[in-house]
Number of protein chains: 2
Amino acid sequence: MILKMESMSSLAHSSSTTMRISMSNYNMEIENVIKEIKKYNAKNVGLQFPEGLKTKSTAIADEIKSKTQVNVIISGDPCFGACDIADSKMMDMVDLIVHYGHTSLPLKYKVPIIFVEAHVDIKINEVLEKSLKPLENYSKIAIVTTTQHLQLLDEIKDFLEDNGKEIVLGSSKSTRKGQVLGCNFSSIKDLSAEAYLFLGSGKFHPLGIHLFTKSTVIAVDPYTSEVSDIKDLADEILRIRFARIVKAKEVDIWGILVSSKDGQYRINLAKEIEKILEDEGKKAYLILVDNINPDILLPYLDIEGFVVTACPRIAIDDSLMYKKPLITPQELEIVLDKRNWDDYQLDEILFHDSKLCRN
Amino acid sequence: MILKMESMSSLAHSSSTTMRISMSNYNMEIENVIKEIKKYNAKNVGLQFPEGLKTKSTAIADEIKSKTQVNVIISGDPCFGACDIADSKMMDMVDLIVHYGHTSLPLKYKVPIIFVEAHVDIKINEVLEKSLKPLENYSKIAIVTTTQHLQLLDEIKDFLEDNGKEIVLGSSKSTRKGQVLGCNFSSIKDLSAEAYLFLGSGKFHPLGIHLFTKSTVIAVDPYTSEVSDIKDLADEILRIRFARIVKAKEVDIWGILVSSKDGQYRINLAKEIEKILEDEGKKAYLILVDNINPDILLPYLDIEGFVVTACPRIAIDDSLMYKKPLITPQELEIVLDKRNWDDYQLDEILFHDSKLCRN
């Protein structure tokens, strides 16, 4: 569990408890949470969960209500990261927010937040065995994962070291050691690894690692037991991105999407892009949105394409949901011949660049 | 056009211009808007539109950009009323918001707002002729409408007076004269009318008038030219509500939905409901949401029914979209045998009750 208070600069790590909520294989750390709620002497507590953990919200509320006197209010809005804490929406109604599934970001949250990483309890020894073959030609391996699997890093490290590998672990101010976010890969920059082992679900993170490092990335998915070199998928995604960029070259009327979520709010970047587009003789409109989806963009009949300054995953992950091209700021540079295709890179949110952050 | 500034208590009405945007039959009052923007010496201006007017946002932005030096940012989130102004989301980035399609509510907005009613230019003489037959047995008629048609009240009044009717027009602090909102019918309470003529689209508003007054309501729709006594529809809606209430009597685990929109934020009401339910031996969970939709409620597998303290229209209008019963606070009273079915009434948001409002 990581605690972070408003204007608190250092992160305090505390040990996790073994108590679990019901049938869950996620560690919801309910005993620690209750201890912290009592320590804060909180009267009103907000609970926030990513989509995959929202089913546990009523059980967590029950536990807290039965063991404390606090009022509990659950945040029901979609939540995809610590960029999207309910602090602004809940600041008038709670003294404390318990936020599950993400680690703290260097943002100034408006109420104290208890971050619970919700580590998943999953066996990985068999899937790790399968990773040795694709890693056989590499001796110096960086291991990388996401929030729910951070507690597995030691096991992965031990396993690979036992099999003769040298291990490197990156770190950054925005993440914990060995962790990458969907929008921030700073922990793996400038690592001297020959190859990367990513443990987790989905392909976006290993794809990002590959695009940032140009190195071999072996994606190890403990849920499907699939172990794969990400290169083929990366090539496929890049073909889609290339097609979008080609289509975007015909766009004369642009929408520039700005997120109202505190950790995705890049208004200055959006204004820079607006100016660049107007200098190029294009039309451009700034549009502020909370949750971007295809329906939200339907009313802008004359807008032919969108640049997304919100979560970098939207343009890439949801590409096929949109008829009009949605591209990242870096892709726009390619569209406008200000960047070479060979220098393609994913968009990142740099949380330490105060110009790019609301707080 | 109505201007309202933070902590400004009186509303100033100004005359509308005749200038229209492009092919629109809504009066977007662009000349007035530009005059006001210059008067405020605004540097950054937010634009907000209800769903039906969002298609005009780029044309309005073009006009403002071409005639002033301001930066324009469009609010892209769904917007269904003046309960839902983008002031909280935009307060860091704009000096002024131009809000189309709704009238000011007695809330403390965080930035100055220019409210533009966006009157629709539509012929109503033929459809008014059709209303005489169903009104033939009534001599004292109240006329009621919604924001976009307020400028038609004089024409309706003249027409009915020319046909021998006596006209009454209600008013309240939350609305303009003769106006009802989807969530507030205070302007028509205690009117001594024998029957009501509602001009506008949709059936929700005339339904509300009928349920509040128990009187004959003739709905006059200038878009479809349909003129109808709302009684049959009201009976049908009430049958649906009755069925939901019966189903809700079996619910033991409740979600209480609270809106984070400033003008729909009724946390105290929600907490009262939570206490009442718990006193009745039920389980209850407060859930804070921005936009309520069926997907948002899916994760709460164990919750069997929801009480909506947000916009009163949601439970009624969208009833068929939800498998689990969604009911209003007044309907919950019937469920819990604290109110008689004969005393059924729609939910209202009382904007002057400070306990029910965020600001």
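Every chain is numbered from 1, with letters handed out A, B, ... down the list of sequences. Note that the coordinates shown come from a computational prediction; the quantities given were computed from them, not determined experimentally.
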Item checked: Minimum heavy-atom distance between Y300(B) and S57(A), given as atom pair plus value -> CE2-OG, 3.1 Å
Checklist line | Heavy-atom pair count under 4.5 Å with chain B, highest-scoring of V289(A), I287(A), D77(A) | finding: D77(A)
Notebook entry, point to check: For Y285(A), which of V72(B), I73(B), D62(B) qualifies under side chain to side chain contact (heavy atoms under 4.5 Å, CB included)?
Noted result: D62(B)
Next item on the list: Could you tell me which portion of N44(B) (side chain, backbone, both or neither) has an atom closer than 4.5 angstrom to a non-hydrogen atom of chain A?
Entry: side chain
Notebook entry, point to check: Is there side-chain contact between M93(A) and L288(B), with heavy atoms separated by less than 4.5 Å?
Noted result: yes
Next item on the list: Pick one of side chain, backbone, both or neither for D302(A), based on which atoms fall under 4.5 Å of a heavy atom in chain B.
Entry: side chain
Notebook entry, point to check: Given that the side chain runs from C-beta out, which part of I303(B) has a heavy atom under 4.5 Å from chain A: side chain, backbone, both or neither?
Noted result: side chain
Notebook entry, point to check: For S260(A) and K89(B), which heavy atoms make the closest approach, and how far apart are they?
Noted result: OG-CD, 3.9 Å
Checklist line | Interchain contact, N71(B) with chain A, by part (heavy-atom threshold 4.5 Å) | finding: side chain
Next item on the list: Report the distance from atom CG of L301(B) to atom NZ of K54(A), rounding to the nearest 0.5 Å.
Entry: 13.0 Å
Checklist line | Contact class of D290(B) relative to chain A, heavy atoms under 4.5 angstrom | finding: both
Margin query: Which atoms of E278(B) are under 4.5 Å from chain A, going by heavy atoms: the side chain, the backbone, both sets, or neither?
Written below: side chain
Notebook entry, point to check: So which part of E274(B) gets closer than 4.5 Å to some heavy atom of chain A, the side chain, the backbone, both or neither?
Noted result: side chain
Notebook entry, point to check: Is there side-chain contact between I296(B) and P78(A), with heavy atoms separated by less than 4.5 Å?
Noted result: yes
Notebook entry, point to check: Where on T55(B) is there a heavy atom nearer than 4.5 Å to chain A: the side chain, the backbone, both, or neither?
Noted result: both
